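Before any comments, here is the structure.
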Amino acid sequence: MMLDAASWDALRLSLLVACTATLVALPIALWVAWLLARGQFRGKALLSALVHLPLVLPPVVTGYLLLIGFGRNGPIGGFLYDVFGITLAFRWTGAVLAAVIMGFPLMVRAMRLAIEAVDPKLEQAAATLGAKPASVFASVTLPLIAPGILAGAVMGFAKAIGEFGATITFVANIPGQTQTLPSAIYSFLQVPGGEGRAIALVLWACVIAITAVALSEWLAQRVAKRIRGIEGDT
Amino acid sequence: MMLDAASWDALRLSLLVACTATLVALPIALWVAWLLARGQFRGKALLSALVHLPLVLPPVVTGYLLLIGFGRNGPIGGFLYDVFGITLAFRWTGAVLAAVIMGFPLMVRAMRLAIEAVDPKLEQAAATLGAKPASVFASVTLPLIAPGILAGAVMGFAKAIGEFGATITFVANIPGQTQTLPSAIYSFLQVPGGEGRAIALVLWACVIAITAVALSEWLAQRVAKRIRGIEGDT
Amino acid sequence: GAVHADTTVFAAASLRGALDEIAALSTTPVTLSYAGSGTIARQVSIGAPADVVILAHPRWMDWLETRGAVLAGSRRNVANNSLVLIGPNGAGPLITPTEIPQRLDQGRLAMGQRDSVPAGIYAQTWLETAGLWDRVIDQLAEVENVRLALALVARGETPLGVVYRSDAQAEPRVDVVYNVPKTAHDPITYPAAAITEDGRAFLTLLSSPEAAAIFENNGFTIPEAPQ
Amino acid sequence: MSLDLNITKRLGAFTLDVGFTAPNGVTAVFGRSGAGKTTLINAVAGLSEPDSGHITLNDTPLFDAAQRINLPAHKRRMGYVFQDARLFPHMDVTQNLRFGLRHAPAGSTGPSLDEVADLLGLTDLLKRRPTDLSGGEKQRVALGRALLSRPKMLLMDEPLAALDGPRKDNILPYLERLKSGAAGLPILYVSHALDEIARLADQLVILSKGKIAASGSIFDVLADPTIVPLVGVRQAGAVLQATVMEHGNDGISTLKTNAGIIELPGVAAPVGTLVRLHVLAQDVILSRTRPTGLSSVNILPVTVKSIRTGDGPGAAISLDAVGDQLLARVTARAVQDLDLSEGVSCFAVIKATSIAATSIGR
Amino acid sequence: MSLDLNITKRLGAFTLDVGFTAPNGVTAVFGRSGAGKTTLINAVAGLSEPDSGHITLNDTPLFDAAQRINLPAHKRRMGYVFQDARLFPHMDVTQNLRFGLRHAPAGSTGPSLDEVADLLGLTDLLKRRPTDLSGGEKQRVALGRALLSRPKMLLMDEPLAALDGPRKDNILPYLERLKSGAAGLPILYVSHALDEIARLADQLVILSKGKIAASGSIFDVLADPTIVPLVGVRQAGAVLQATVMEHGNDGISTLKTNAGIIELPGVAAPVGTLVRLHVLAQDVILSRTRPTGLSSVNILPVTVKSIRTGDGPGAAISLDAVGDQLLARVTARAVQDLDLSEGVSCFAVIKATSIAATSIGR
Ligand SMILES: Nc1ncnc2c1ncn2[C@@H]1O[C@H](COP(=O)(O)OP(=O)(O)OP(=O)(O)O)[C@@H](O)[C@H]1O
Ligand SMILES: Nc1ncnc2c1ncn2[C@@H]1O[C@H](COP(=O)(O)OP(=O)(O)OP(=O)(O)O)[C@@H](O)[C@H]1O
Ligand SMILES: [Mg+2]
Ligand SMILES: [Mg+2]
């Protein structure tokens, strides 16, 4: 599976974008998952629907909405540029944003399910021992939901590797800067006879996926062992 | 948000495809989730990676693979046609297949997390009371993982509503036959001045998403109450 | 082939405006399925239930022809198009393309993907001919279809964009700042072909004067010598 | 019916290595925390596979390492009352109870749901979810659920530990009836409470660190002075058998033992039945002469069989009461003062009310 | 230090409505299954908010419905030993224990992890996960974890129910030391076992169906013949106070009560200390004349204060032992035979070994 330079760039960039997106999205997704799992507030169903929206909308629409909001002339994009000098459109950071948004519903759901499965009695026990809420979260809740966080991270990472529609719409397809694996694959597929190069990249995407998933399965097993102890038969 | 006839058709078709895909995928996803959560077999990580693949690959690639495999001349498509007279490519049933495949990783993950959270001690208790494995599953495991199934169903449904790349590649964009909401939005965006109609459809997609999610939240609350009882404070 | 009650046309998405109007002229029902040219070509090669195929670039039609997927001899160009350089409203016209780098400043030039989207391929040829390719190559914003390039300029995200005249004409938020000479790139043609006998009638309709009027109305031009 | 087993099972650093035969009736398993009681009972239930050995119920092999037999839990039909109740959280109390009933084999007979709910005081709780129950209430539902599954055998892991005295007093007679009913349900009963054991059990297995420290008929094991350190001095005591002779107007019943008459309050058993009296070693007072003028009228002539002085200041004295066995725990000083030694005849004074009603079993 | 509370809390059809003041020391809460003990203790811990009333610890309001005060659980510093152990499944035993220690306020003093592990017999289990522990082992870890959090007050919900006799005998003296140590840790102690309560508690609250049925000093409440039906006839018994006079060579100690000398084996307390003797009503034998020739040498002159005949055949007799109180349970027939009535003087015979070592508290 030899790759030409452009393909290598796309591969490298995809990995960078996916890793960054996963790391950036994790804490936010965790927070939203917490709100949805434990919060009691009006508009919870609405927040939940909002989180699901990137699943429901065609990716191009999401990309277009990102462009409107985060483009240099968009309200948020303009603000970010004027105040922090940050540009997202046509940058790899924009690809990260697209990946974060598109992977968000997957991450939130996995974490939410995990949080909902935590027995609040354990958290209460920690509180009676003097642990402050933040400490309860860090030392009891967080380790117990580790499998869910891991699952969310894998899903988010996988989605980030595969994201295409929103990314190309928001940050275009600039080789070396915003051309991710799927953009490259897509371009190859648009030319008659480009299948060969597309297949090489698809195989690479598979390799990444298999590696990430295998790694996560291995980690999950360790985490499960940590939580449940050496599986006794009882 | 008045819609023209073509938009109505797309909306109706999308709902049909999403509902069918969700129903079809549920049992299979449940089975795979069970295998991944409880099974002890070689190649588990590989199966898991395979399930994640539709997330990692650009949807267009998935669509092409479907076209190659399930087209009338493809190995599976040919078999299905010769033996059962079933055609998937360029039919709404093909859109269902695409939605099933694309939503599969989401459904499996939600259910898997739920299954992993079930306390095997309860299943053991059911067994000592004389319940056969199938009965244990139906009367203990299944109700306990209902929140995960529900979550998986919502995710799958949402994804099915939003799926575009694989669908248009596999079944094309034939109004009234295979043109789903996202395909219709795509088509509208190609016409100068078509944004208005596209926006109307996007809003409809949002309405569907909000309705489905709100419904699922309401159901989830009922299910949670069923499982945990009237929330005592302890 | 099978007798269809109606004619199914697989067409490049960028033709949508004009084709919808032309289909309305047909006495028999016409169903139009729009997608990218590459997607359509592959679908047709694999047995899509299409009677007519219309693409945005000759390459994919060549590909189809070599596979024998279209009726021999049915191929014809139904419309031509030309490239324009656009800027947001109020952007003044360019005298020569050499002003492009200046006009871009730090901004980007929006266009179709150079190696896959037809408009991008034509744009690259033009920029190369004009000796500008190397100067703009690092400032491109390549997108997956021309409509997006149009949107980028319309929203002011990029100061310039290369699109089809037919697209530019429909978007009030952009102004044409330069007309790309037709000689600067391969002719922009929209080849059509019949896949089934049922499709021939629609091909004929496409070449009719009524259709020609609609094409022109939508910013396309008509091939001088319709085959 | 009888359960025969001989198994080993390793769990980390702990090894269970036990073998015994439990004939029909109640076999109590007694042992300190961590002795291996739950491990044993799990193996019988089919929830954990032993490393070696066999388990046979009525000549049907449930497990046999050599023959690679390991009947799955749902085919063993063991009614297991878990140490932690393990109620189904998604079912209310009725549904939990009915779960047992639903999976009982067709045609099996036994108490109805209403009867069980009534016995266990669950009638007001039937629509509640497990989360809305108190600790003891959960345990009672678990007990009811196991009873309603119409098992071939009952496995009970400290089923009454979370229950209050009066509630235990309600449930124990029911368990007694179960074991002696027509079905003759064998019961494996794990408990820390020797009074429950003395009342219910026919057979007693004492576990210590995964091994059997003593096992045999309840009468023999409990009268054995060497088990006093294993069961704790306060719980040690032998079991007498007596026949109900008469119920007095004042509620005092007269019972006949081999060694003589005993008068007790609160005996519910009809005249003529054989009952069981658990006499704690510490409740037996010894006297060389027959004492007079005591509120305690139960004075039995006994012979000292053996005297076991332990590390502490007390002495365990095994007594023969005309064939029955008694255990007395007196101070070493009293042994001296009363000049007790093997073969000496003396009198055992037993307070009528210290053999409480709950200690009487058929 | 003292806990003062007066709260109501509705849970479905159940209503808890209690008010009492618990001065320093151990306040036992006794009641049948479902009486509301866990509900009460949860309110004190801050895990459930009462509907009305107030809870005050040392004049600091923990909860006050009127003033809308509800201190969160982690600020209350209550060491809560739950009825279900609630160990953290992702931590091993050491980490569970250390969790308490880690959140103890800086500068607080108390037993070290090693000391607690040693006391509770956990040293061999330190690297184990909760899933690999037996029921009793889990409960011990939970107890240790609460102790190590250096709480202002201990809340214990049947902490010893899953433990065997010898293990209880190890832990109870430790709890006694805690309550009487320099810190004077107040303890709210829920239990079904009246012997534990009699040994530990200074104050006793008896709950029945969410209401207080009796409350006050342990001496008064336990000597009250009217509570016999509430606590069950087998557990009823008063508490005597005695001073250790002398430890004999044979292990028998001489203790002085107001009414006279009592000789007991196994008293560990040094000479001069005040100890507590729980004398079960059923272990007291009455005689009109001073008996002779008994192995039981503990004979106290007493006066009958009141006689309460219940529904059953027994009678509860409250006795005055020169200022101390005793409770005897004899048969109604014995009341007649001995011609007992209020004010009558007689002798109470108490078996030395029936006041077991574990029943002795400071
Ligand atoms: N999975 C395991 N790994 C290692 N050791 C274990 C495991 N499960 C149990 N043990 C140990 O085996 C011993 C026996 O446990 P078991 O649960 O049978 O005790 P038990 O007699 O039921 O005690 P209890 O009365 O406290 O419930 C204990 O010392 C326990 O720590
Ligand atoms: N969430 C709830 N909804 C309705 N009733 C409840 C709820 N929680 C507890 N109860 C009821 O309140 C009563 C008191 O419960 P609590 O747990 O305080 O009892 P307890 O005295 O601790 O009993 P045990 O000794 O069995 O643990 C019980 O009758 C119980 O059924
Ligand atoms: Mg156990
Ligand atoms: Mg309780």
Side-chain angles (χ1 to χ4, degrees), chain A residues 4 6-7 9-10 58-75 77-78 81 85 87-92 94-95 98 163-180 182-195 197-198, chain C residues 12-13 35-45 55-67 69 88 104 106-121 136-145 147-159 161 173:
Chain A
D4 54 276
S7 297
D9 280 350
V60 178
V61 171
T62 309
Y64 196 73
L65 292 177
L66 284 178
L67 195 62
I68 293 176
F70 290 87
R72 183 75 69 85
N73 300 316
Y81 181 72
T87 319
L88 292 171
F90 309 125
R91 300 285 166 88
W92 74 273
E163 214 306 296
F164 168 60
T167 307
I168 198 167
T169 307
F170 182 38
V171 296
N173 179 25
I174 305 166
Q177 291 183 54
T178 63
Q179 186 176 56
T180 56
S183 306
I185 294 174
Y186 179 79
S187 345
F188 291 145
L189 284 178
Q190 296 310 307
V191 211
E195 288 88 352
R197 293 160 84 195
Chain C
S37 295
T39 306
I40 291 172
R42 275 180 220 278
Q43 287 173 337
V44 166
S45 80
L55 301 178
H57 196 278
R59 264 204 271 177
W60 278 112
M61 194 58 92
D62 300 345
W63 185 79
L64 279 177
E65 275 190 322
T66 55
R67 321 200 132 211
L104 282 179
Q106 299 301 314
R108 290 185 174 272
L109 174 64
M111 60 180 248
Q113 273 182 259
R114 68 181 92 149
D115 45 10
S116 53
V117 177
I121 298 171
V136 298
I137 190 163
D138 290 331
Q139 280 179 277
L140 298 178
E142 295 170 74
V143 288
E144 156 253 351
N145 71 61
R147 301 284 313 170
L148 256 173
L150 190 65
L152 285 179
V153 178
R155 289 205 47 81
E157 293 294 336
T158 61
R173 289 175 296 173

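Proteins come first, then strands; the chains are lettered A, B, ... in the order of their sequence lines, and each starts at number 1. From a predicted model like this one, the values you see are computed outputs, not experimental measurements. No hydrogens, no waters, no symmetry mates; every other heavy atom, side chains included, goes into these values.
Taking both residues in full, the closest heavy atoms of D138(C) and Q177(A) are given as O-NE2, 4.5 Å, listed atom of the first, atom of the second, then distance. Heavy atoms only, all atoms of each residue included: A151(C) and Y64(A) are closest at CB-CE1, 3.7 Å. Nearest heavy-atom pair across F164(A) and E144(C) is CZ-CG, 4.2 Å. Across every non-hydrogen atom of E157(C) and A89(A), the tightest pair is OE1-CB, 4.1 Å. Across W63(C) and P192(A), no two heavy atoms sit closer than the pair CD1-CB, 3.6 Å.
Two residues are said to be in side-chain contact when any heavy atoms from C-beta on lie closer than 4.5 Å; P175(A) and R114(C) meet this criterion. Residues R155(C) and I68(A) have side chains in contact (heavy-atom distance under 4.5 Å, counting atoms from C-beta outward). R42(C) has its side chain within reach of E195(A): a pair of non-hydrogen atoms, C-beta onward, lies under 4.5 Å apart. By the 4.5 Å heavy-atom criterion applied to side chains, E142(C) and S183(A) are not counted as neighbours.
Looking at L140(C), only its backbone comes within 4.5 Å of chain A, counting heavy atoms on both sides. Only the side chain of Q113(C) comes within contact range of chain A, with at least one heavy atom under 4.5 Å from a heavy atom of that chain.
Atom-to-atom distance recorded for T169(A):OG1 and L152(C):CG is 9.0 Å, nearest 0.5 angstrom.
In terms of non-hydrogen atom pairs under 4.5 Å with chain A, the most contact-rich of N145(C), L148(C), V143(C) is L148(C). For the set V171(A), T178(A), V191(A), V60(A), the entry with the most heavy-atom pairs within less than 4.5 Å of chain C is V191(A).
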